Q: 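Okay, handing you the structure first.
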Protein chains: 2
Amino acid sequence: MISSELLEKYGALKKSFQKNEPIFEEGNLPTHYYQIISGEIKMSNYNDDGREFIQGIFYKNQSFGEPPLFLNQRYPANAIAVEESTILALNKPSFTKLLEENPAISIQIIENLAQRLYYKSIMSAEISTHDPEHRVLKLIDYGILYFNFPKDNNGYLIHFTRQQIGDLTGLRVETVIRAIKNLEKKGELKIINRKVYR
Amino acid sequence: MISSELLEKYGALKKSFQKNEPIFEEGNLPTHYYQIISGEIKMSNYNDDGREFIQGIFYKNQSFGEPPLFLNQRYPANAIAVEESTILALNKPSFTKLLEENPAISIQIIENLAQRLYYKSIMSAEISTHDPEHRVLKLIDYGILYFNFPKDNNGYLIHFTRQQIGDLTGLRVETVIRAIKNLEKKGELKIINRKVYR
DNA sequence: TACATTTTATGACTTAAATCATAAAACGAG
DNA sequence: CTCGTTTTATGATTTAAGTCATAAAATGTA
């Protein structure tokens, strides 16, 4: 996360996106660095028959879509506003200048990318070698650690829909629903009027 | 990649590893930055019933295992020498000093992490939403672009075993063998005495 | 407040990939 | 050169998760 003041000093502009509006699309060449002021953004892919895979969900103060910006490669996924969102966008030349003139920012970017790689390493191993219950639970536990889900007296409230969990773990909704029910039976989590707690 | 001279100037030491010898193991805390001088290293996970998932394979001049080093988190996977390998290891305090005194290196690290995130984004979407043939072909095409496989008059020689392809794509050997046969029938690749060309 | 949409839920069935069994070819260490 | 191991290969069978159908509850919005 780079401070709004610094970004604006280098010419970043605020842009608003409505629910379901794309920020950029798969195959496009990157032009800007993006950082969320408010709202929620998901990056995802769609396969040939419309099935979605969510690469990640990003919230306030987080940036997204930098890897292709650094590599001059086309975006491997779409970025879409999950709800109404406001984003700071800084064009590439200015962003490069900002990095050159503020070396300390590089370390932050490194840590940020490292964190995302860490998530992807964990989840890719899960997705390819573990059963649905294990996958769902791992995603939930990761979410608790890094998405700071709210905690009340029932435990952490997992504010993902079953569909989102499915799209993040490569499972179908029905499978997620059944996995969550089983996890509840096993006492790994609680379902209180349809909301999941852990 | 950081030049050997610079790494050695900061005190990096050469270490040799035999085939199948671990460099570090899942759950350990990182202590060094590692860069390959010669050989081949794989990072992988094993699930409860011994099934392997290969996170990545690294060759000459590549570094591996940095994300947890930057984050002070435990390694999410094991690093094992696929063949006899020599590696430069620089301890964390010296590595931090190297980074501070050589800001240009940060940009290289960023690009490197970005490239790996790019690979993981592509493969995770593949693994969770596409059929085996698609997954295998995508991995092969990625390998051609970034692992510089040798090219001869039959095309690019894919020097992965069927088992490795399976462990990289979350498929079983038999499934990979069958997928490759089908891809050959469809003319997407060639099998010349058991070796795969594209 | 009424109605459309989304989310959660459950049962029946289908299917793609895993599993199991077996073996030949290739490779590698001694 | 030989023997053990790894890699590739193929057929038969099983099974876990996907698919399909249907619906109630919850949510959002006109």
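Naming: A, B, ... by sequence-line order, numbering from 1 per chain. Every heavy atom of this structure was used, including side-chain atoms; hydrogens, water molecules and symmetry mates were not. Only a predicted model underlies this, so the values are computations on that prediction, with no experimental measurement involved.
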Q: Who pairs with B:Gln115 by side chain to side chain contact (heavy atoms under 4.5 Å, CB included), at least two apart in sequence or on another chain?
A: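 With neighbours one apart ignored, the set is A:Leu71, A:Gln73, B:Tyr118, B:Tyr142, B:Tyr146.
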Q: How would you list, by chain and number, every residue that makes a side chain to side chain contact (heavy atoms under 4.5 Å, CB included) with A:Lys185, sequence neighbours excluded?
A: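 Counting only residues at least two positions away or on another chain, A:Lys185 forms a side chain to side chain contact (heavy atoms under 4.5 Å, CB included) with A:Asn182.
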Q: Taking CD1 from B:Ile177 and P from D:dT6, how many angstroms apart are they, rounded to a whole number?
A: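 Rounded to whole Å, this separation is 16 Å.
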Q: Given atom CD1 of B:Ile191 and atom P of D:dT7, what is their separation to the nearest angstrom?
A: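 Value for this atom pair: 17 Å.
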Q: Can you tell me the distance, in whole Å, between the CG atom of B:Asp167 and the P atom of D:dT6?
A: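 After rounding, the reported distance stands at 14 Å.
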Q: Atom CD1 of A:Ile158 and atom P of C:dT7: how far apart are they, to the nearest Å?
A: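 Interatomic distance, CD1 of A:Ile158 to P of C:dT7: 17 Å.
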Q: What's the CD1-C1' distance between B:Ile192 and C:dA25, to the nearest Å?
A: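 It works out to 18 Å between those atoms.
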Q: How is A:Gly166 classified with respect to the nucleic acid when contacts are heavy atoms under 4.0 Å: base, sugar-phosphate, or nothing?
A: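 No contact at all - A:Gly166 keeps every heavy atom at 4.0 Å or more from the nucleic acid.
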Q: If the sugar-phosphate is the primed atoms plus P, OP1 and OP2 and the base is the rest, what is the B/S/- string for nucleotides 19-30 of chain D, using protein heavy atoms under 4.0 Å?
A: BB----SSS---
Q: Would you please name every residue forming a side chain to side chain contact (heavy atoms under 4.5 Å, CB included) with B:Thr31, sequence neighbours left out?
A: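 B:Thr31 satisfies side chain to side chain contact (heavy atoms under 4.5 Å, CB included) with B:Tyr34 once adjacent residues are dropped.
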Q: Could you tell me the separation between the CD1 atom of B:Ile180 and the P atom of D:dT7, rounded to a whole number of Å?
A: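 Value for this atom pair: 14 Å.
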Q: Between C1' on C:dT19 and CG on B:Asp49, what's the gap in Å once rounded to a whole number?
A: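 Going from B:Asp49 (CG) to C:dT19 (C1'), I get 12 Å.
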Q: Would you call A:Lys42-A:Glu52 a salt bridge at under 4.0 Å N-O?
A: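 Looking at A:Glu52 together with A:Lys42, the answer is yes, because their closest N to O distance falls below 4.0 Å.
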Q: Would you mind writing out the side-chain donor-acceptor pairs for residues 104-111 of chain A within the sub-3.5 Å range, not counting sequence neighbours?
A:
none

Q: To the nearest angstrom, how far is B:Gln163 atom CD from C:dC27 atom C1'?
A: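 Rounded to the whole Å, the gap is 17 Å.
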Q: My understanding is that only residues two or more places apart in sequence, or in another chain, count here; which of them pass ring pair (Phe, Tyr, Trp, His ring centres under 6.0 Å) with A:Phe58?
A: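 Partners of A:Phe58 under the ring pair (Phe, Tyr, Trp, His ring centres under 6.0 Å) test: none.
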